[in-house]
Amino acid sequence: MRLSTYFLPTLKENPADAAMASHRLMVRAGLIRPLAAGIYSWLPVGWRVMKKVMQIIREEMDAIGAQEFQLPALNPVEIWQETGRVEAFGDTLFHIKNRPLVLAPTHEEIFTTIAKDNIKSYRDLPQIWYQIQTKFRNEPRPRSGVIRGRQFFMKDSYSFDRSFEELDKSYGLHREAYKKIYTRSGLKFFIVGASSGAMGGTGSQEFMVESPDGEDTCAVCDSCGYAANLEVASSRVKPVGRLEASNPVEEIHTPNIKTIDQLAEFLKISTERLAKSLVYKADDSAVLVLMSGNDQLNEAKLTAALGKNAKAMEPAELAAFTGANAGSIGPVGLKNFRIIADRRLEEANELISGANKDDFHVAHIDFSRDVKIDGYFDLRTIEAGEQCPNCGHALRIVNAIEIGHIFKLGTKYSVSLHANYLDEAGAEKPVVMGSYGIGVERIIACHIEQNHDESGIKWGVSIAPFDVHLASVNMDNEDVVAAAEKLFTELTEAGIEVLYDDRRGVSPGFKFKDADLLGMPVQVIVGERNLKQGNIELKIRRTGERKVVPGAQVLDEIRNLLRN
RNA sequence: CGGGGCGUGGCUCAGCCCGGUUAGAGCGCUUGGUUCGGGACCAAGAGGUCGUGGGUUCGAAUCCCACCGCCCCGACCA
């Protein structure tokens, strides 16, 4: 490709509204242009990268026997109503104004409908279907460039199996395929156990790229490899347990005590035996959540425990429900609440909690004697430095960007959409499903996050828009032009993708800066200086290393560099 | 949706607080010339409803109100 005629607008200055390096560089290097919040146009050089990533995904999906579809982005809203996901997605789902249609944010419903209509027998199973489609989500707050957009490409695949055992197999195939996809895309990534959310399902894992700008938080053990999204991460924390003394409950006056720390200070005891009360609302029912001391409630865990989303109750509502303000709520004598507690508090005694009237607490509470707990769940948010649940090593907590999610769905969609098959015995059974997603843009953004410097992008060969950036230093020098043209032809004929900077009237420094910004793996610099000796200069973008080689060896040398 | 910031040629920004010639700079763009190994130089040019609407005023980029857009933090993120 000749740069003189290629549409590749580069920017010298950073765009004002880009915070992350990948975002800045994608705009500066002419990959994308913003159109509206969370909506981007892909320019030719960016689209080349996108197509390469998609090709890697296709090859690895095809390799596990997956079959590519292309499904509509416009979906009848009825299908989404059947699975209850119009409500589940809420405002995130885009609705078409003048037809009862929605813009699909994902495609479980449509694939399942096709399965329902066409998969009748155990002989039709298993199947793995996928597509690479534009998804639409009305994100409340798009951010980080293409990492969270309102329109984005997702590779989504779905497995259909006869049993949960076979689902495990399909799930495993995806897990291995994903590892290959990310590895081939040149990413350093890790896999974490993840939340299945309120939608059910029997297990899921996320593929993560560590980044300070990541929206997810994960616990990582550097010793045994344990890694989990904070939504599900656990650690070895001591249960609060039982003390020998078991006094009857007693109301104590605690004037103007609002926080756990104040209470601990006032009573001269550790925070651990203070059962902190948090009041939530799930649908229209009230839930009291008890945590030990300053343990932080993890709302994702709460959602998993309740099986539905819960919201912290507003102070006014709280007072109406309980007659006391936050800070004075407690489980003893509390009516009309479902009461659940964190595992650390299981069967504990000698606890102190709110008395449901301001300025009073109740002491000597025994959870197995004085309170009816509807269940103990792991509800606390773990903290950095706590012990790994597997090996006891100190856990690290890192931010990460989610680049893929694999999910054992089970029968949720097949049951609600009646996707059944007849087994060998003639019994009708729901198909067992899995769903698996990859954010295509995120692969590109993360690749840049992991491969850039002050000057620009440092593409890995596998997804670089071009293999070689060929720059003719001076287009007014006939020998230089002739040598560059010859190289352009030779390299192209050798099947190497070349971006050839043949622009006239552009100074050498300008060309070099552009080459570094654009970041092709190998730069080939044809200039008078080296050409006098019949030499060509090669620069490896990743390392900055320069080699001056005889013209006759250039092709071999480049081939060699691209192989590594 | 809550909190904060911003909106001025294509890009990055100054001017606004304290209203008053013709609204500026750098980069980019056009033309001519000189350059030619790390974002060259000289000269001459083109290009702006100062986000939109309303208000205050003799007079508004500047003050006031509303709205729209964009970014950041939070909430949210099957």
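We name chains A, B, ... by the order of the sequence lines, and we start the count at 1 in each one.
- The partner of B:U34 is B:A40, judged by Watson-Crick or G-U wobble contacts that both fall below 3.5 Å.
- Side-chain atoms of A:Asp514 lie closest to B:G39 of the nucleotides B:A75, B:C71, B:G39.
- Base-pair partner of B:A25: B:U12 (Watson-Crick or G-U wobble, both distances under 3.5 Å).
- For the 3.5 Å distance criterion, the side chains of A:Asp213 and A:Asn399 fail to qualify, holding no donor opposite an acceptor.
- Among the nucleotides B:U12, B:C36, B:A78, the one closest to the side chain of A:Asp476 is B:C36.
- Residue A:Arg85 places its side chain closer to B:A78 than to any other of B:A78, B:G37, B:A75.
- Regarding A:Ile147, its CD1 atom lies at a distance of 18 Å from the C1' atom of B:C76, rounded to whole Å.
- Listed nucleotides B:C71, B:C77, B:C72 differ in distance to A:Glu215; the shortest reach to its side chain belongs to B:C77.
- Between A:Ser144 and A:Phe510, the residue anchored nearer the 5' end of RNA chain B, judged by the nucleotide with its closest heavy atom, is A:Phe510.
- When heavy atoms are screened at a 4.0 angstrom cut-off, A:Glu139 is found touching no nucleic acid atom at all.
- Within a 6.0 Å sphere centred on CD of A:Gln70, other residues, nucleotides and ligands contribute more than 12 heavy atoms.
- Note on A:Lys539: a base of the nucleic acid sits closer than 4.0 angstrom, heavy atoms only.
- As judged by a 4.0 angstrom heavy-atom cut-off over every strand, A:Ala18 is placed among residues making no nucleic acid contact.
- To the nearest angstrom, P of B:C70 lies 12 Å from NE2 of A:His23.
- Annotation: of the two residues near RNA chain B, A:Pro15 and A:Arg546, the 5′-most nearest-nucleotide partner is A:Pro15.
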Next item on the list: Go through the steps for A:Glu537 and A:Lys547 under the test salt bridge (charged side-chain N to carboxylate O under 4.0 Å, His left out), then give the verdict.
Entry: CA-CA 6 Å; A:Glu537 178 180 339; A:Lys547 293 182 171 191; over 6 Å; no
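- What separates OH of A:Tyr158 from P of B:A78 is a distance of 14 Å, to the nearest Å.
- For A:Phe69 and A:Trp129, the gap between ring centers is short of 6.0 Å.
- Ring centers of A:Phe407 and A:Tyr436: at least 6.0 Å apart, outside the cut-off.
- For B:A60, there is no paired base (Watson-Crick or G-U wobble, both distances below 3.5 Å).
- Evaluation of atom-type donor-acceptor distances gives a pair under 3.5 Å for the side chain of A:Glu537 against the base of B:G37.
- For A:Ser507, counting side-chain heavy atoms from C-beta on, the closest listed nucleotide (B:U12, B:G38, B:A40) is B:A40.
- In this structure, A:Asp91 reaches neither bases nor backbone, as no heavy-atom distance under 4.0 Å exists between it and the strands shown.
- Looking at heavy-atom distances under 4.0 Å, A:Glu299 makes contact with sugar-phosphate atoms alone, never a base.
- Comparing B:G37, B:C11, B:A78 by their nearest atom to the side chain of A:Glu13 picks out B:C11.
- Considering only side-chain atoms of A:Pro508, the nucleotide from B:G38, B:G37, B:C76 that sits closest is B:G37.
- The distance from atom CZ of A:Arg141 to atom C1' of B:C70 is 12 Å, rounded to the nearest whole Å.
- Across the strands present, B:G2 finds its partner in B:C73; the criterion is a Watson-Crick or G-U wobble pair with both atom distances under 3.5 angstrom.
- If you check every strand for non-hydrogen atoms under 4.0 Å, A:Pro34 touches nothing.
- Checked against a 6.0 Å centroid threshold, the rings of A:Trp459 and A:Phe466 do not count as neighbours.
- Nearest to the side-chain atoms of A:Arg529 among the listed nucleotides B:G37, B:C70, B:A75 stands B:G37.
- In this entry B:C67 has B:G51 as its Watson-Crick or G-U wobble partner, both defining distances falling under 3.5 Å.
- Base engagement by A:Thr106 is indicated by at least one non-hydrogen atom pair under 4.0 Å involving a base atom.
- A side-chain donor from one of A:Asp502 and A:Ser4 sits under 3.5 Å from a side-chain acceptor of the other.
- You'll find that the side chain of A:Asn530 is closest to B:G37, out of B:G39, B:G37, B:A78.
- Counting non-hydrogen atoms under 4.0 angstrom, A:Arg33 reaches nothing in the nucleic acid.
- Residue A:Lys12 has its side chain nearest to B:G39 when only B:G26, B:G39, B:C76 are considered.
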